[in-house]
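Below, chain A is the first sequence line, B the second, and so on; all start at residue 1.
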Amino acid sequence: MGRVRVATWNVNSVKQRVPRFLPWLDQRQPDVVCLQETKLADEAFTALLGDELAGRGYEVAVHGEARWNGVAILSRVGLDDVVTGLADGPGFPEPEARAVAATCGGVRVHSVYVPNGRAPDSDHYHYKLAWLAALRDVVAAGPEGVVVCGDVNIAPADADVFDPAAYVGHTHVTGPERDALAALQATGLRDVVRDRWPTERVFTYWDYRAGMFHQDLGMRIDLVLASDPVAARVRAAWVDRHARKGTGPSDHAPVIVDLDEAPDGDIGPVVPPPSAPRTRKSVKLPQS
DNA sequence: ATGACTTGAGTTTCAAGA
């Protein structure tokens, strides 16, 4: 198989995002798309987009609910062995639609929407940690060629938030959350966007309020985590900021990763262009 | 400025997001 383009996008309601999502599909031509926060029951998803996606050659695996959450995988390189939900995962209190997996073009693909956590040490925070532990177990028990894509609701490092001081006391940056993410990665997953842009300021989410996107005050919480055999095939890994601009965007931007065909072809390390570190502004985080 | 915006349900204002 030739090049495969994998993308992940928290669309914040696929129904509201249709006018942005379909043109984006046609423009970027991803072969595998992981969606989060579809906010739509499965039957409604199919009624809304089934024909549009089939006409573009995509098979679809959806796992949604009526109001919140909801994940999906679209693929035009095969979609086999679909598993919805997270085996032995926790609920809040019931299981939520936050994970779906399928084998696409020989790679086990997981589309995940990790619980937000709400406030450190809250019930929801402990749910988030338990959910991440269950995800780690599923990935550890799965095949070697794997990619975990989605909104992990954790900034892996301080460099992944616009101002670490603004997040003190908040979720997404706490030690236990980062430890849980590290435990997931310890199954052998590489953060391919950070690998590609080791010193760049790269965000995937910007609050709708207060011109945060315009000022580039965001976080990097949408990740593509790839096992070594997949990571070795990465030829491009970037955040599609264009999709966050203009009218009616999601508050998250897509992450796009291109994989070369599996290979002997050693083209050497991908070296990012030199870049000067940008100064950080001290800005107060919008509060709810 | 304990604010700012956007969603879904469902009826009018709340819960949730991060």
**Q.** Upstream residue (5' side of DNA chain B) when His124(A) and Arg17(A) are each assigned their closest nucleotide
**A.**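 Nearer the 5' end of the strand: Arg17(A).
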Q: Between Tyr208(A) and Ala66(A), just flag the one whose closest nucleotide in DNA chain B comes earlier from the 5' side.
A: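 Residue closer to the 5' terminus by nearest nucleotide: Tyr208(A).
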(Q) Please give the distance between the C1' atoms of dA4(B) and dG17(B) as a whole number of Å. (A)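 Rounded to whole Å, the distance is 15 Å.
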Just N and O in the side chain of [X]: are any of them under 4.0 Å from OP1 or OP2 of [N]?
{"X": "Ser13(A)", "N": "dG8(B)", "result": "yes"}
{"X": "Asn69(A)", "N": "dG17(B)", "result": "no"}
{"X": "Asn12(A)", "N": "dT7(B)", "result": "no"}
{"X": "Tyr125(A)", "N": "dA18(B)", "result": "no"}
{"X": "Gln16(A)", "N": "dG8(B)", "result": "yes"}

Q. What orientation do His124(A) and Phe92(A) show, parallel under 30°, tilted 30 to 60°, or perpendicular over 60°?
A.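 His124(A) and Phe92(A): perpendicular rings.
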Q) Can you say whether the rings of Trp24(A) and Trp9(A) are parallel (under 30°), tilted (30 to 60°) or perpendicular (over 60°)? A)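 Because their plane-to-plane angle lies in the 30° to 60° range, the rings of Trp24(A) and Trp9(A) count as tilted.
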Q | Out of dG8(B), dA18(B), dC5(B), whichever nucleotide has its closest atom nearest the side chain of His252(A) | A |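 Given the options dG8(B), dA18(B), dC5(B), the side chain of His252(A) is closest to dA18(B).
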Q) Of all the choices, dA4(B), dA9(B), dA18(B), which nucleotide is nearest to the side chain of Met219(A) once you look at every atom? A)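 Selected nucleotide: dA18(B).
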(Q) Testing Val33(A), Val148(A), Val100(A) one by one against Ser111(A) for a side-chain contact (heavy atoms from CB on, under 4.5 Å), which residue passes? (A)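 The option that passes is Val100(A).
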Q) Asp251(A) CG to dA18(B) P: how many Å, rounded? A)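 One finds 7 Å between P of dA18(B) and CG of Asp251(A), rounded.
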